Amino acid sequence: MTLDTVKHAAETPDTKLPWAELGLKEDEYARVREILGRRPTGAELAMYSVMWSEHCSYKSSKVHLRQFGEKAPQSDAMLVGIGENAGVVDVGHGYAVTFKVESHNHPSYVEPYQGAATGVGGIVRDIIAMGARPVAVVDPLRMGAADHPDTKRVLPGVVAGIGGYGNCLGLPNIGGELVFDACYQGNPLVNAGAIGVMRHEDIHLAKASGPGNKVILYGARTGGDGIGGASILASETFDDAKPSKRPAVQVGDPFQEKLLIECTLEAFAEKLVVGIQDLGAAGLSCATSELASNGTGGMRVELDDVPLRDSTLTPEEILMSESQERMCAVVEPEKVERFLAICEKWDVTATVVGEVTDGDRLEIFWHGEKIVDLDPRTVAHDGPVYERPYARPSWQDALQADDANKLPRPATSAELREQVIQLVASPNQASKSWVTDQYDRFVQGNTVLAQPEDSGMVRIDEQTGLGVALANDGNGRYSKLDPYAGAQLALAEAYRNVAATGARPLAVSDCLNFGSPEDTDVMWQFAETTRGLADACLTLGTPVTGGNVSLYNQTGEAAIHPTPVVSVLGVIDDVSRRTPIAFAEEGQLLYLLGETREEFGGSAWSQVVHDHLGGLPPRVDLERERLLAEILISASRDGMIDAAHDLSDGGLVQAVAESCLRGGKGARLVVPDGLDGFTFLFSESAGRAVVAVPRSEELRFTDMCGARGLPVTRIGVVDGDAVELQGEFSIELTELRAAYEQTLPGLFG
Amino acid sequence: MARVVVDVMLKPEILDPQGQAVQRALPRLGFEGIADVRQGKRFELEVEGPVDDAALARIHEMAETFLANTVIEDFEVKVETSEGPK
Amino acid sequence: MARVVVDVMLKPEILDPQGQAVQRALPRLGFEGIADVRQGKRFELEVEGPVDDAALARIHEMAETFLANTVIEDFEVKVETSEGPK
Amino acid sequence: MTARPSPTATLNGGPTGRWNVRIGVVTFPGTLDDRDTQRAVRIAGAEAVPLWHRDKDLKQVDAVVLPGGFSYGDYLRAGAISRFSPLMETIIDQAKAGMPVLGICNGFQVLTESHLLPGAMLRNNHLHFICRDQKLRVESTSTAWTADYTAGQEISIPLKNIDGRYVADERTLDLLEAEGRVAFRYLDGNPNGSLRDIAGITNEAGNVVGLMPHPEHAVEPLVGTGRTDGLGFFTSILKKLVNA
Ligand SMILES: Nc1ncnc2c1ncn2[C@@H]1O[C@H](COP(=O)(O)OP(=O)(O)O)[C@@H](O)[C@H]1O
Ligand SMILES: [Mg+2]
């Protein structure tokens, strides 16, 4: 076998390469040839093909994502924005916080445990690559129908994988979502998010600067993981006798990752690192080309020095391998010894594999021969950009015309009561303890709030009580009805959830899960979503700091609901001021903040009772959201409320049920003037929350709402052992608890 | 009653963090000369009735669809003659 | 290189919920006639040098002090002749 | 980061940081709760001394805590690899000579693997990781780590593990009961199938204690479960060492 060196490639311009099998389009391959002025070598082709893939290049989504930058609100908090491994925001007292959400959808369908586990591993490496200590994880999940047999395979595996990995890393899981819907049957969504904390001066970036500086690869050895494409390259064109077995599934090693965290942080603390990049999708191809192109010079890499788990790997495969738990650091020569000593201390394999050069090329060598010689920018940043066609789906009007407000409503008090129980017991509304009890929420000793609170909250400074909160939301049903409004509702809900716990919303990360961008309907949904989200972020003053796009979540013709998952990060000056959801004190007054309209399109009620999806989602009023948030934050700071719960899917009755069960106290509710009991209980109007106010604070609180123009309605009192709607029905907490808590254990054991 | 054993091991190309951790610990415990360790699972099944070809075919199917995850694992079905670990 | 296998199983008197969970699932998957399932561990050791009595004695010691916890587990050491799961 | 003196620490233990008591907190690769344990030690009023698994030296500490986590990923068996560390050799010797040692969760597993405590920990009977606020009864107050509790006192502290099922043979269990060495028992339902609802035990001398639930996560009113029921472990040892 002749090694396909740069020289060889120049001499054999007519050699056919399997660019199509590697996923490149004809014009893309032509561009590669044009960029290089010759045909690529096998190794170069491997790099271009993975880095120009949809996953790594964002070629279909880029033109739309630009709005997040173009429409970004002015924010003093933003320290590092879109384009790095994760965004960074200033939270005061010299602390900076980084956070991001990513998808690991497809791998989690193929192998739920490992797919989900490695999803957590990947997002945590993004956080450490910024210089931060990870302090919490979250896991927004979407599964197929709760009673579908395949969901019994996927969900328990996913939950065990997220727990198995996150628990072993010592990261408290402080939030997430679990939504069941048949549209996710063949395409479950496994999104994972992480938060990290650092001092301002510790922020690190992925760039290789300073000629002579060493490139160190450390962590797990490189194996043949996730390199199906490269194997084609190796076997069909260059060597027919290659081993055929290359695993499509990667197995995670959380213990290795824990060591990686500790040794990386120790190296940061000793100021040993000039630039750093995690190895995720596209492995070394991505890390070397991104480090080099973001730096000032070029880079030279000796591929023979990469520690291997499998000695039969070809250079193409080494470049593409997605073996987990690896990082790449750029270190000044005189600090290399110390860096390696820290790795040794933590039993982490570390090897110098290259150095920064004063040129501008990325050069990679194998057995002493040059097999890659290219401008790293062309791989990392100058990938193809598509303006994919899109159009409003032909079915959209009919869907919106199918008005949920016209569905038959409960006719009697008994029926109303029955539907409350049905709602609370439905898989999407029922308690998620079956999931969250499998996650460690206490580790690190800083968890102030975790599930089932409105947002997760961790303390980041013991002296001052400074803390951060994170909430993730997304409602695919709303987005299906109106993707522009759906994205805004997702943001509004996460924003409201953060404020409900007393934290001030600061910044946004998002994970956009969609079907195929080659479908004009899907592309329209995507365009509408990004436009809606960017507009709303501008209005609410919360910039998007980063995120992730997952496309092709589609089985045949059927795409999933457009599902933007929006994460809002908030800050709270003193976590002792946090507001929980629990109604814990008898006699406290319950107030409903905001306005309730007849809005049932996409509602939980329409799904649970009628299996219906149609009409319009709730109206969005971002100014109202902002006002509501201000009230909730002030009330928390000044001690005017003891509990708050945001109203979202399931409406008021769901929120009240959760707050009562959490606090172990009942509530007596009265239908306010101008509303009927059904609308009062089940409407999903946005911009609302329910709060528990101590009697001594009642006047102060209502005056504040009145003065600022927020509608506030007294709806009842915390009292007794039942949730009672005066004149209609009463449900004992024991019955309510059984309905709420038994559903998931009943389904999943 | 007859005993059938199903051994399930990670495929050779798949990372085996457990086996690795064991192997790395051995020299520290004073055990040299072990070049590699892989850790897998062993299932001992007590089969009612005769272990004939039909029974073995069923167990093979069970191993393939349930005991092993063939995306990442290989398996082997053996009829035990000895008594297994004591 | 020679392969030595160490099988480690929970002692019979110790509850094995993993084995039980497997056994309970079998009928639901349409597999009848399995009276009991026990799940244990299998270690495949690649031994450098000859697998003579001395080597086996060392491996036995390794199994007893490390691979198995003899408070709860039994083990068996076997020299592999076949190739293991394929 | 240093902790503010907690009001509860003063209640139970006396003025913060006045005595020069050094409590070692061990870090193995994969240990997770070491920094939380150090915080708990500080809140109780003692000095927390980090100990590294590769060292043999105990840095003149007066007592040692083996914290929770997944040392060596819990690969092979929880605690099985850690117990062979150089530091554990020293700790095993010192424990036998009477030094107080507390093993929490993974630390408990290390203690059973080291045979400093009898029995073994196995996978939970329901096979899931479980994280919850767990009610316990303190059965023995005559250990180095429990004197600040009252016999029979009920406390709630977090439980979080997947290998938390305590097993031992009948003879050992009977002996533990007879000698009053069952230190903690689960209340309100056995969370993992532990024999005789055992949550924690002590050695004969009472200096070595192991338990699965996490007292170090219940020392501040704001975080975790919001309870401080776990602080007594750390004030108990502090008082004992101060009065020694
Ligand atoms: N939906 C999105 N919204 C905002 N930023 C996004 C989105 N998707 C991707 N990005 C940003 O684009 C950059 C590249 O993303 P990605 O390649 O996934 O990063 P990484 O490889 O570090 O995970 C990152 O800064 C990421 O935050
Ligand atoms: Mg990254």
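We name chains A, B, ... by the order of the sequence lines, and we start the count at 1 in each one. Given the structure is predicted, the values throughout are model-derived calculations rather than measurements. Worth knowing before you read on, the calculation uses all heavy atoms, side chains too, and leaves out hydrogens, waters and symmetry mates.
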Checklist entry - Which answer fits B:Phe43, side chain, backbone, both or neither, if we ask what part of it has an atom under 4.5 Å from a heavy atom of chain C? => result both
Checklist entry - Side chains of C:Leu26 and B:Met62: does their closest heavy-atom pair fall under 4.5 Å? => result yes
Checklist entry - When heavy-atom pairs shorter than 4.5 Å are enumerated against chain C, which of B:Val4, B:Val47, B:Asp36, B:Val22 gives the highest number? => result B:Asp36
Checklist outcome for this item: Assert top hit (heavy-atom pairs under 4.5 Å, partner chain B, pool C:Gln23, C:Arg58, C:Lys11) equals C:Arg58
Item to check | B:Glu44 side chain reached by C:Met9 side chain, heavy atoms, under 4.5 Å | outcome: yes
Item to check | Close side-chain approach of B:Gln39 to C:Arg42, heavy-atom, < 4.5 Å | outcome: no
Next on the checklist: Quick check on B:Leu45 against chain C: is it the side chain, the backbone, both or neither that has a heavy atom closer than 4.5 Å?
Outcome noted: both
Next on the checklist: Less than 4.5 Å apart, side chain to side chain, heavy atoms only: is that true for B:Ile59 and C:Phe31?
Outcome noted: no
Next on the checklist: Around atom CG of C:Asp53, are there more than 12 heavy atoms from other residues, nucleotides or ligands closer than 6.0 Å?
Outcome noted: no
Checklist outcome for this item: Turns out that what part of C:Glu73 lies under 4.5 Å from chain B's heavy atoms comes down to neither
Next on the checklist: Is B:Glu61 in contact with chain C via its backbone, its side chain, both, or neither, using a 4.5 Å heavy-atom distance?
Outcome noted: both
